[in-house]
Undergrad: 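Okay, here's the structure, questions in a sec.
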Amino acid sequence: MNIEVRVHERVLQFKAQGRGAKGQNEYEFSLEFLLPVKSEVSHRSTQRQVNITLRKEQRGWWERLTLQDRKPLFVVPDFDRWLDESDAEMEIREKEEKKEEMKTARHEERGFISLKRGLLFAYNLVQFLGFSWIFVNMTVRLFIFGRDSVSDTFHTISDVMFFCQILAAVEVLNAAFGFVRTGVTPTLIQVVGRNFILFIIFGAVEEMQHQPVVFFVFYLWSAIEIFRYPFYMLGCFNTEWKTLTWLRYTIWIPLYPLGVLAEAVAVIQSIPIFDKTKLFSIPLPKAVGTSVSFSCVLYVYLGLMFLGLFINFRHLYKQRTKRFRTKKRKAN
Ligand SMILES: CCCCCCCCCCCCC[C@@H](O)CC(=O)SCCNC(=O)CCNC(=O)[C@H](O)C(C)(C)COP(=O)(O)OP(=O)(O)OC[C@H]1O[C@@H](n2cnc3c(N)ncnc32)[C@H](O)[C@@H]1OP(=O)(O)O
C-alpha cells in the first residue's frame with residue numbers, strides 16, 4: 001500500500017492506493033481540525049486498516065473535532081477508545097488513588113520491617129546477655145571454686161537457663177511465620193531437644209542436678225550462643241564482622257557432637273533414677289497391674305537424639321557452605 005499522510009497547521013491530508021469500497025483505487029480525504037495539531041504524524045498500516053496518530057499542539061479539551069460545525073459523514077468515533085472530560089478526570093483520580101495506596105503500602109511495609117528488625121534485635125540481645133552471663137559466671141566460678149563449682153552449676157545457673165530456653169521457643173515461631181529465612185524442623189529439633197534435657201532430665205530429677213554433666217551441657221550450649229546471637233544482632237542491620245561469622249559457622253563442628261554426647265550421658269545417667277523412683281511412669285490398665293517406666297521413653301529418645309544430630313549437623317553444614325560460598329562469589 002502506498003500511503004501519503006501530511007499535516008499542515010490544522011489540516012490532515014491522506015492519500016493512498018489500495019483495495020477499498022471502490023475496489024483497487026486511489027483513496028483520499030482531508031480533515032481540518034478545530035485547533036492546530038503537531039506536524040509530526042505517525043501511521044501504521046495492517047491488512048485491514050491504517051492507524052494515524054496525531055498530537056494536539058496544545059493540551060486541552062476540544063469542543064468538537066473539526067472546524068466545520070457538522071462532522072463529516074465518514075468520521076465515526078471509536079467508542080472503545082473514547083474519553084470525555086469526566087472519564088479523564090476519573091482516570092487521573094484513580095491513578096492518584098492507586099499511587100497513594102502504593103505509597104501507604106510501602107510506608108506500612110517499611111514500618112513492619114523496622115518493627116520486625118527491632119524485635120529480632122531485642123530478642124537476640126536478651127539471649128546474648130543471658131548466655132553471656134551463664135558462660136562468664138560458669139568460667140569465673142570454675143576458676144574461683146574449682147571442682148566444687150561444677151556440682152553447683154544447676155543451682156546457680158538454672159534460673160537464667162530456664163528463662164533463655166523458654167524464650168528460645170520464639171525461634172520456632174520466627175521460622176514458622178517466615179520472620180527469618182530458616183527451616184522449622186532444625187529449629188524445632190534444637191529447641192525441643194534442649195528443653196527436654198533441661199526440664200525433664202535436669203529440672204524434674206533432683207539427683208541429676210548435682211551431676212558434673214550439667215556443667216558440660218550448660219557450658220557447651222552457652223559456648224555457641226555467645227557467638228550466634230551477636231552474629232544475628234549484626235545481621236539485623238545488614239552488618240557483619242568476618243571473625244564472628246567464621247566463629248558462628250565453625251565452632252558448632254566440635255561443639256554440636258560434644259553437646260549431643262553430653263546430653264546422651266545425662267539421659268543414660270537418669271535412666272536408673274527414673275526406674276527407681278517411677279517418676280513419669282506410664283500406668284497400664286488395672287488388669288495388667290503394673291506400669292511402664294519412663295526409661296522406655298528415654299531409650300526411644302536416645303535414638304531420636306542421634307537422628308536429630310544427623311539432621312541438624314547436615315543443616316548446619318549446608319548453612320556453612322551456603323554462607324562461605326556466597327561470600328566467596330561476592331568477593332570475586
Ligand atoms: C520435631 C521434634 C523432634 C524432637 C526430637 C528431639 C531430638 C533431639 C535431638 C536434639 C539434639 C540437640 C542437641 C543440642 O542441644 C546440642 C547443642 O546445642 S551443643 C552446642 C552447639 N550447638 C549448636 O551449634 C547449635 C546452635 N543452634 C543453631 O545453630 C540453630 O538453632 C539451628 C536451628 C540449629 C540453625 O540455625 P538457622 O537455621 O537459623 O541457621 P542460620 O544461623 O544460618 O540462620 C539462617 C538465616 O536466618 C537468620 N536468623 C536466624 N535466626 C535469627 C535471629 N534470631 N535473628 C535474626 N536473624 C536470624 C540468619 O541471619 C540467617 O539469615 P541470612 O541467611 O540472611 O544470613
Side-chain angles (χ1 to χ4, degrees), residues 113 116-128 130-131 134-135 161 164-165 167-202 213 216-241 244-267 297-327 330:
I113 290 173
K116 188 182 88 175
R117 204 178 271 185
L119 288 175
L120 274 178
F121 181 82
Y123 167 78
N124 292 317
L125 178 66
V126 171
Q127 289 287 30
F128 170 61
F131 279 107
I134 293 172
F135 189 80
M161 191 58 100
C164 290
Q165 280 307 133
L167 194 61
V170 166
E171 281 172 48
V172 182
L173 299 179
N174 283 345
F177 291 112
F179 292 153
V180 296
R181 276 175 293 169
T182 190
V184 181
T185 313
T187 318
L188 198 63
I189 290 176
Q190 179 72 19
V191 174
V192 173
R194 278 195 189 174
N195 283 345
F196 184 85
I197 300 294
L198 183 63
F199 289 95
I200 311 277
I201 307 295
F202 296 156
V213 73
F216 291 105
V217 169
F218 284 9
Y219 212 60
L220 288 164
W221 287 358
S222 55
I224 182 77
E225 307 304 32
I226 55 171
F227 299 112
R228 187 163 73 102
Y229 289 112
F231 164 78
Y232 292 153
M233 278 156 67
L234 291 185
C236 290
F237 297 101
N238 299 323
T239 315
E240 91 168 295
W241 176 30
L244 189 62
T245 307
W246 185 86
L247 286 167
R248 187 274 170 270
Y249 285 107
T250 307
I251 55 165
W252 60 267
I253 299 172
L255 292 189
Y256 209 86
L258 283 176
V260 174
L261 188 70
E263 289 176 23
V265 169
V267 172
V297 175
L298 295 182
Y299 286 117
V300 176
Y301 185 75
L302 276 174
L304 284 179
M305 274 183 91
F306 289 96
L307 185 68
L309 167 71
F310 172 73
I311 296 174
N312 272 9
F313 208 85
R314 204 176 59 154
H315 172 74
L316 282 164
Y317 181 74
K318 270 192 199 158
Q319 296 292 80
R320 184 178 200 275
T321 318
K322 195 174 81 183
R323 168 69 50 170
F324 292 133
R325 192 183 46 214
T326 321
K327 291 289 143 197
K330 272 185 190 162

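Position 1 is the first residue of the sequence; numbering continues from there. Worth saying up front: this structure is predicted, and the values here are computed from it rather than measured. First listed ligand is number 1; within each ligand, the first listed atom is number 1. Computed over heavy atoms, backbone and side chain alike; hydrogens, waters and symmetry mates excluded.
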Undergrad: Can you name the closest pair of heavy atoms from Ala168 and Val191 and give their distance?
TA: O-CG2, 3.6 Å

Undergrad: Would you call Asn238 and Arg117 a side-chain contact if the rule is heavy atoms closer than 4.5 Å?
TA: yes

Undergrad: Side chain, backbone, both or neither: which part of Gln190 has a heavy atom under 4.0 Å from ligand 1?
TA: side chain

Undergrad: With a 4.0 Å heavy-atom cut-off (strictly under), which part of Tyr249 contacts ligand 1: side chain, backbone, both or neither?
TA: side chain

Undergrad: Does Asn312, backbone or side chain, put an N or O under 3.5 Å from an N or O of ligand 1?
TA: no

Undergrad: Return the closest protein heavy atom for atom 30 (C) of ligand 1 as residue, atom name and distance.
TA: Arg228 NH1, 3.4 Å

Undergrad: With a 4.5 Å cut-off on side-chain heavy atoms, are Ile134 and Trp221 touching?
TA: no

Undergrad: Does ligand 1 have a heavy atom under 4.0 Å from the side chain of Leu220, from its backbone, from both, or from neither?
TA: backbone

Undergrad: Please confirm whether the ring centroid of Phe128 lies under 6.0 Å from the ring centroid of Tyr232.
TA: no

Undergrad: Is there a heavy atom of Arg323 sitting under 4.0 angstrom from any atom of ligand 1?
TA: yes

Undergrad: If you have a sec, work out which protein heavy atom is nearest atom 46 (C) of ligand 1 and how many Å separate them, to one decimal?
TA: Arg181 O, 3.3 Å

Undergrad: Counting non-hydrogen protein atoms only, what is the nearest one to atom 3 (C) of ligand 1? Give residue, atom name and distance.
TA: Ile189 CG1, 4.5 Å

Undergrad: Residue-level breakdown please: for Tyr301 versus ligand 1, do any non-hydrogen atoms fall below 4.0 Å on the side chain, on the backbone, on both, or on neither?
TA: side chain

Undergrad: Report the part of Asn174 in contact with ligand 1, treating N, CA, C, O as backbone and CB onward as side chain, heavy atoms under 4.0 Å; options are side chain, backbone, both, neither.
TA: neither

Undergrad: Is any heavy atom of the protein nearer than 4.0 Å to atom 23 (C) of ligand 1?
TA: yes

Undergrad: Just need the protein heavy atom nearest to atom 11 (C) of ligand 1, so name the residue and atom and give the distance.
TA: Tyr256 OH, 3.9 Å

Undergrad: Counting both backbone and side chain atoms, is some N or O of Trp252 under 3.5 Å from an N or O of ligand 1?
TA: no

Undergrad: Considering only non-hydrogen protein atoms, determine which one is nearest to atom 53 (C) of ligand 1 and report residue, atom name and distance to 0.1 Å.
TA: Tyr232 CD1, 3.5 Å

Undergrad: So do the side chains of Trp241 and Phe231 get within less than 4.5 Å of each other, counting heavy atoms only?
TA: no

Undergrad: Would you say Asn174 and Thr182 make side-chain contact, with heavy atoms under 4.5 Å?
TA: no

Undergrad: Can you tell me the protein heavy atom closest to atom 36 (O) of ligand 1 and the distance?
TA: Arg248 NH2, 3.6 Å

Undergrad: Taking only Lys NZ, Arg NE, NH1 and NH2, and the carboxylate oxygens of Asp or Glu, determine whether Arg194 and Glu171 approach each other closer than 4.0 Å.
TA: no

Undergrad: Please say whether His315 places an N or O atom under 3.5 Å from an N or O atom belonging to ligand 1.
TA: yes

Undergrad: Starting from atom 1 (C) of ligand 1, find the nearest protein heavy-atom neighbour and note its residue, name and distance.
TA: Leu188 CD2, 3.6 Å

Undergrad: Just to confirm, does any protein heavy atom lie below 4.0 Å from atom 5 (C) of ligand 1?
TA: no

Undergrad: Residue-level breakdown please: for Leu316 versus ligand 1, do any non-hydrogen atoms fall below 4.0 Å on the side chain, on the backbone, on both, or on neither?
TA: side chain

Undergrad: Checking a contact table here: which protein heavy atom is nearest atom 58 (C) of ligand 1, and how many Å away?
TA: Val180 CG1, 3.4 Å

